[in-house]
Amino acid sequence: MQLTLEFGGGLELLCNSVKIHQVNVGTQAEGMKQLTMKHLLSWVRTNLIKERPEMFMKGDTVRPGVLVLINDCDWELSGQLETVLEEKDVVVFISTLHGG
Amino acid sequence: MQLTLEFGGGLELLCNSVKIHQVNVGTQAEGMKQLTMKHLLSWVRTNLIKERPEMFMKGDTVRPGVLVLINDCDWELSGQLETVLEEKDVVVFISTLHGG
Amino acid sequence: ETTFSGQLSADMIYRYSRHLLLPSFGVEAQANLLKSSVLVIGAGGLGAPALLYLAACGVGRVGIVDHDVVELNNLHRQMTIKFGQLNTWTMYNSYGFATHTAKCLLQIIHTEAYIGRSKVESAAAACRAINSSVQIVEHKEAFRTSNALEIMRKYDIVVDATDNVPSRYMINDCCVVLGKPLISGAALGLEGQLTVYNYNGGPCYRCLFPTPPPTTACQRCADSGVLGVVPGIIGCLQALEAIKVASAVGEPLSGRMLLLDALSARIRVVKIRGRSLQCEACGENATLTEQKFRDFDYEKFTQSPLSTSPLKLDL
Amino acid sequence: ETTFSGQLSADMIYRYSRHLLLPSFGVEAQANLLKSSVLVIGAGGLGAPALLYLAACGVGRVGIVDHDVVELNNLHRQMTIKFGQLNTWTMYNSYGFATHTAKCLLQIIHTEAYIGRSKVESAAAACRAINSSVQIVEHKEAFRTSNALEIMRKYDIVVDATDNVPSRYMINDCCVVLGKPLISGAALGLEGQLTVYNYNGGPCYRCLFPTPPPTTACQRCADSGVLGVVPGIIGCLQALEAIKVASAVGEPLSGRMLLLDALSARIRVVKIRGRSLQCEACGENATLTEQKFRDFDYEKFTQSPLSTSPLKLDL
Ligand SMILES: [Zn+2]
Ligand SMILES: [Zn+2]
């Protein structure tokens, strides 16, 4: 499944400072019928996060202070970890900023 | 065909100051197979423009100083008047500003 | 509209005539602005432009809270940097992954003449120079649970222009307790964020962030850089949102968040969650009161200091 | 990076240390900024914030062109408005459909102390107060075909912060003739627009707008209102784009345009056409030269005056 993943607010530093990733996340090999955010998070952790994964995840979800947006909508509105992704979805992971 | 039409930069004043219009533009009654921007312009002029149409169109196209964006892209990139519209397209008409 | 005719003097009509000519921003909106009061917490990179535009547009009363003094920048004066070291440190810093503090060199309100003096004094002087008819209230103190309620109570709208995690939770909770809308902006590096909390049934900061970020996210990064114009943009946008709320014109950025990526010139406005029923500040079973607020230890809760000390490079 | 070590003094390292700490904005970028020069044409609502942030961030040389003096606002001093009339006029104005002029009451750079003095002097003083190490050049004159080439030649980057149609064509053509990137911003009412022209093979203003708008679009609307913070936001964004071009960091907003709708807090960045082969300024067969530029009558071409006279209400 073709997805666009974006990292911001400093999270890009965990992926070699690259903010936008065009990725192809397989579902067939794993025998999944659907790709959920839960699967995507574990895929990201394995395939994109190059260092300090604890800065990205805590348990099986994102760490506190990280907003997840699916097609520009907070994932709270679509079911968080259970959200089923569709072809060409854009998923943004952004760390909230506190500076001023 | 369901379209979202937006007017900005002052052009909304020609449509009762309403910026966003969800419209349904018929194609069957007119026997058209496709809806092009050329047809849409004449539909807008007939159905939405309430005053001073010369502020919106000149000849069969928009007047100088109006940018047309189809799904956030300049219509110059898709063929201007010949662009074929698709269901749920967003078309923006915006007058360029000169103030400061 | 004529009911407001008693409230705008001839001088005010003259001063704000550009607003009055706006089709969607007329006499009533300007009268609302003149009657309103806005508290800006933090007079740094975000607060400076927000204050200037709030004063200029004719908000009736503007309060400024800050305990800091104007410095040429916030780096330790005595440090000496050689270039090799600086580059090493820059590299280190990019891995240091700062998320919580970013003071701003470019605080346009403070001129070199004010170096060493209180930021509040400096900001107030700049606001008065632009618009002497606006009442500017100076609060030269740190915003803490002991004085927060008393200060904030006197204002209609709050602008969070601070630079650290505990302040953001404290200001949010104080706004929830007192029922004040909160215009929240943040900037770090080349990115900025903006939203309006606790407005008209919308979410508060804790609805979005019930748990503070781990301190490991901020441990070895006492400071990070910022390009001054980024908080400048966010600060102006905070003033705009405060003006919209104060004048009751337009749709404030509630339930939505603006994300700015300066390097790529990408700005997106995204839809965020609504008020959370489980929120400990504003939810259905929340028990936050003035007394509980006064007793809450925000530094302990976030494991971060309220006052960010200047970066000390140890090279 | 060490090749630049000779170009940043200890004082400069200290002053710009926040920039130097940015992972994506290091020593080389700051050195590029210090070596660069930016010309800001117009010191009003857009120019004021742009100038402040350009001076603050350490652009080497900043030029300011404006022939205007600081006024409390641009309305005729002697006018008297009664509310019924004002509302009528506001109604009228909303149909008057202004597209070309919007001077700004809220030009944050100009303090009341400078009323009656040159805007360039006032702006230069504000810039120097913020950063005395930047060279500020004052051009207290109208920007016209007779002096444009001579003035612009001395700068690397041009910021168009003017408020009328002929100036926009004139500045564009001058940039094309001299090969300068143009940071173009505009604001009216509660909307703003921003793009970078003539940059790195991208389009120029004439590629997008080969024909001027009809004068009927501007005839009965000598002026329209503007909420000051809207040009404030666009002016800050102009500074950001100029800084990116000057420092060679990030992706400038070329071939794209930012559209701001302040009321609804919607900001979109759209893709616009590329350079037009048929463009009369920059196209394949364009014959624009310095001499042709000097001889071109922009007021006749656009049927609008270069200098927008203040609105005179006749109530
Ligand atoms: Zn809440
Ligand atoms: Zn061109």
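Computation of the quantities below employed the complete heavy-atom set of this structure, encompassing side-chain atoms and omitting hydrogens, waters and symmetry-equivalent molecules. Fair warning: this is a prediction, and the values are worked out from it, not measured in the lab. Numbers restart at 1 for each chain; the letters A, B, ... are given by sequence-line order, proteins then strands.
- For the residue pair C:Val269 and D:Ile267, the shortest heavy atom distance occurs at CG2-N, 4.2 Å.
- Interface residue D:Asn131: backbone and side-chain heavy atoms are both found under 4.5 Å from chain C.
- Of the listed residues (D:Gly235, D:Ala239, D:Ser132), the greatest number of heavy-atom pairs within a distance under 4.5 Å of chain C belongs to D:Ser132.
- At a 4.5 Å heavy-atom cutoff, the contact between D:Ile243 and chain C is made by side-chain atoms alone.
- Counting all heavy atoms, side chain and backbone alike, D:Pro49 lies closest to C:Tyr53 at CG-OH, 3.5 Å.
- For chain C, the nearby part of D:Leu258 is the side chain; its heavy atoms alone come within less than 4.5 Å.
- Of the listed residues (D:Cys236, D:Gly250, D:Pro252), the one with the most heavy-atom contacts under 4.5 Å to chain C is D:Cys236.
- In this structure, CG in D:Leu52 is found 8.0 Å from CG in C:Leu52, a value given to the nearest 0.5 Å.
- For a residue to count as touching a neighbouring chain, one of its non-hydrogen atoms must lie under 4.5 Å from one of that chain's; by this rule D:Arg268 does not touch chain C.
- Smallest separation of non-hydrogen atoms from D:Glu241 and C:Ala265: OE2-CB, 3.6 Å.
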